[in-house]
Protein chains: 2
Amino acid sequence: MIEAPAREQILDAAEKRARMAGYHGFSFRDVAEDVGIKSSSVHYHFPTKGDLCEALARRYTVRAADRLGDPRILAPGEGLERVTALFRDAVLVEDRMCLCGMFGAQRDALPAQVATAVSAFFQMILDYLDVAPRASRGSQNPAALLARLEGALILARTLNSPSLFEDALSETAA
Amino acid sequence: MIEAPAREQILDAAEKRARMAGYHGFSFRDVAEDVGIKSSSVHYHFPTKGDLCEALARRYTVRAADRLGDPRILAPGEGLERVTALFRDAVLVEDRMCLCGMFGAQRDALPAQVATAVSAFFQMILDYLDVAPRASRGSQNPAALLARLEGALILARTLNSPSLFEDALSETAA
DNA sequence: CGACATCTATCTATCGATAGATAGAATCAT
DNA sequence: ATGATTCTATCTATCGATAGATAGATGTCG
C-alpha cells in the first residue's frame with residue numbers, strides 16, 4: 001500500500017472538513033490529527049490557512065474540470081448531465097456540501113486569495129455549460145442549472161432527504 | 001430615538017455576522033462589540049452559542065412567514081413571487097446570504113437545536129409554496145424553486161454580480 | 001410610607017481550551 | 001552531507017463560558 005504524499009493527505013482531510021463545517025469550522029490541528037502529523041507540519045506545506053484553502057479550491061476545480069472533459073465534443077444535453085452527476089455524487093456518495101458552494105456562501109469572511117479561487121470554480125462550470133451543446137433551443141441556462149444544483153445540495157442535506165435532491169431537479173412538483 | 005431592546009440588538013448583530021461568515025465565523029465578542037456591550041452580557045441573554053443561533057433561525061423563520069402571509073388567499077403565481085422577493089432583497093438590498101442557507105450548508109457542524117430550527121425554515125417555505133396557487137398546472141415545484149433561490153444567492157454574491165441572481169431565475173440563457 | 005427583598009441587566013475578571021503561526025532541533029532520504 | 005520534511009516547543013490572540021459584584025428598577029409587606 002503506497003502512502004499518498006503528505007500534501008495530498010492534508011488536502012484530503014482539509015477538504016472533508018471544509019465541506020462539512022466551512023472555512024472557520026476546522027483548524028490546522030484538526031487536519032493534522034486526521035492525517036496523523038503535527039499542525040506545524042501542515043504549516044510547512046501550507047504556510048497560512050488562506051494558502052491551504054486556496055489550494056483546496058484550485059484542486060477542487062481542476063478535478064471537476066478533468067471529470068467533465070471537453071464540452072465541445074459532447075452529445076446534446078450531456079454537458080448538463082455531467083455537471084449534474086458531479087453534484088449528485090456530492091450528496092449521494094460523499095454526503096458533503098460542494099466545497100465552493102460552502103466557501104461561496106462565506107465569501108465575505110474569506111481571504112481574497114480563496115474568494116478568487118472559488119469564483120474561478122463557478123466561472124469554469126458556467127463556461128462549460130455555455131459551450132456544451134444544449135438538448136433543445138433555449139433550454140437550461142447555465143446560471144440557473146448551477147444555482148439549482150448548489151441549492152439542491154443544501155436542501156437535501158439540511159432536510160436529511162437525499163431524494164429531495166432529485167425532486168429539486170425535476171420541473172414538475174413531486 | 002427609542003433604543004431597541006438589547007436582546008433584539010444582539011440578534012440583529014448576530015444575524016448580520018452569521019449571514020456573512022457562518023456559525024463558526026463570528027464570536028460573542030464580535031456581537032458584543034457591535035452592540036456596545038460586553039460578551040458576558042450576550043451570554044446573559046443567550047447562554048450558549050447554540051441558544052443564540054437557534055433564536056436567530058427562529059426569528060428569521062417567523063419574520064419570513066409574516067412577510068409571506070397566508071398562501072391560501074393568493075392569486076395564482078403570487079406565492080412564488082413573494083418567496084422570490086424574499087431572496088431578491090437578501091442579495092440586492094441586504095447584500096447578505098440567506099441565514100438558513102448558510103447554516104444549512106454547515107449542518108454537519110451545527111448544534112442539533114440549530115439544525116432543527118434551520119430545517120423548520122425550509123419546511124415552512126416548502127409548505128407555503130405547496131399550498132399557494134400555481135400559475136399553471138405542473139409549474140414550478142417547491143423544492144426546485146427554493147433550491148434555485150438559495151443557489152442563485154450564492155452564485156450572485158460569489159461572482160459579485162447581482163444581475164446574475166435574475167439570470168439564474170430565468171429559464172432561458174442570458 | 002419606608003424597609004427589605006427580588007429581579008434585570010450589565011460589568012470586571014478569569015477559566016481552560018483552542019486558534020493560527022513560528023523558531024529551531026531532529027530525522028529522513030538521496 | 002545536503003535538502004526536504006517532521007518534530008518539539010512555544011507564542012500571542014481569541015474562543016465559549018462562568019463567577020461574582022454592582023447598580024438600578026420593581027415589588028412586597030409591615
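In what follows, chains are A, B, ... by sequence order, proteins preceding strands, each numbered from 1. Excluded from the calculations below are hydrogen atoms, water molecules and symmetry mates; all remaining heavy atoms, backbone and side chain alike, are included.
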With no hydrogens and no angle check, do the side chains of A/Asp34 and A/Gln9 hold a donor and an acceptor under 3.5 Å apart?
no
By ring pair (Phe, Tyr, Trp, His ring centres under 6.0 Å), A/His43 pairs with (sequence neighbours left out) A/Phe28
Interatomic distance where OH belongs to A/Tyr44 and P belongs to D/dT8 [whole Å]
17 Å
Please list, for nucleotides 12-18 of chain D, all pairs of protein and nucleotide N/O atoms separated by less than 3.5 Å.
from, atom 1, to, atom 2, distance (Å)
D/dC15, OP1, B/Ser27, OG, 2.8
D/dG16, OP1, B/Phe26, O, 3.2
D/dG16, OP1, B/Lys49, NZ, 2.8
D/dG16, OP2, B/Phe28, N, 3.0
D/dG16, N7, B/Arg29, NH1, 3.0
D/dG16, O6, B/Arg29, NH2, 3.1
D/dA17, OP2, B/Lys49, N, 2.9
D/dA17, N7, B/His43, NE2, 3.2

Any side-chain N or O of A/His45 below 4.0 angstrom from OP1/OP2 of D/dT6?
yes
Residues at least two apart in sequence or cross-chain that pass salt bridge (Lys or Arg N to Asp or Glu O under 4.0 Å) with A/Glu81, listed by chain then number, are none
According to the salt bridge (Lys or Arg N to Asp or Glu O under 4.0 Å) rule, which pairs have a member within residues 108-127 of chain B, sequence neighbours left out?
A/Arg157-B/Asp108
Please state how far atom CD1 in A/Ile37 lies from atom P in D/dA9, giving the value in whole angstrom units.
18 Å
Just to verify, what does B/Tyr128 make a ring pair (Phe, Tyr, Trp, His ring centres under 6.0 Å) with, not counting sequence neighbours?
none
Taking salt bridge (Lys or Arg N to Asp or Glu O under 4.0 Å) as the cut-off, I'd like each qualifying pair that reaches into residues 39-48 of chain B, sequence neighbours left out, listed once.
none
Value in whole Å for how far the P atom of D/dC7 lies from CD of A/Glu33:
12 Å
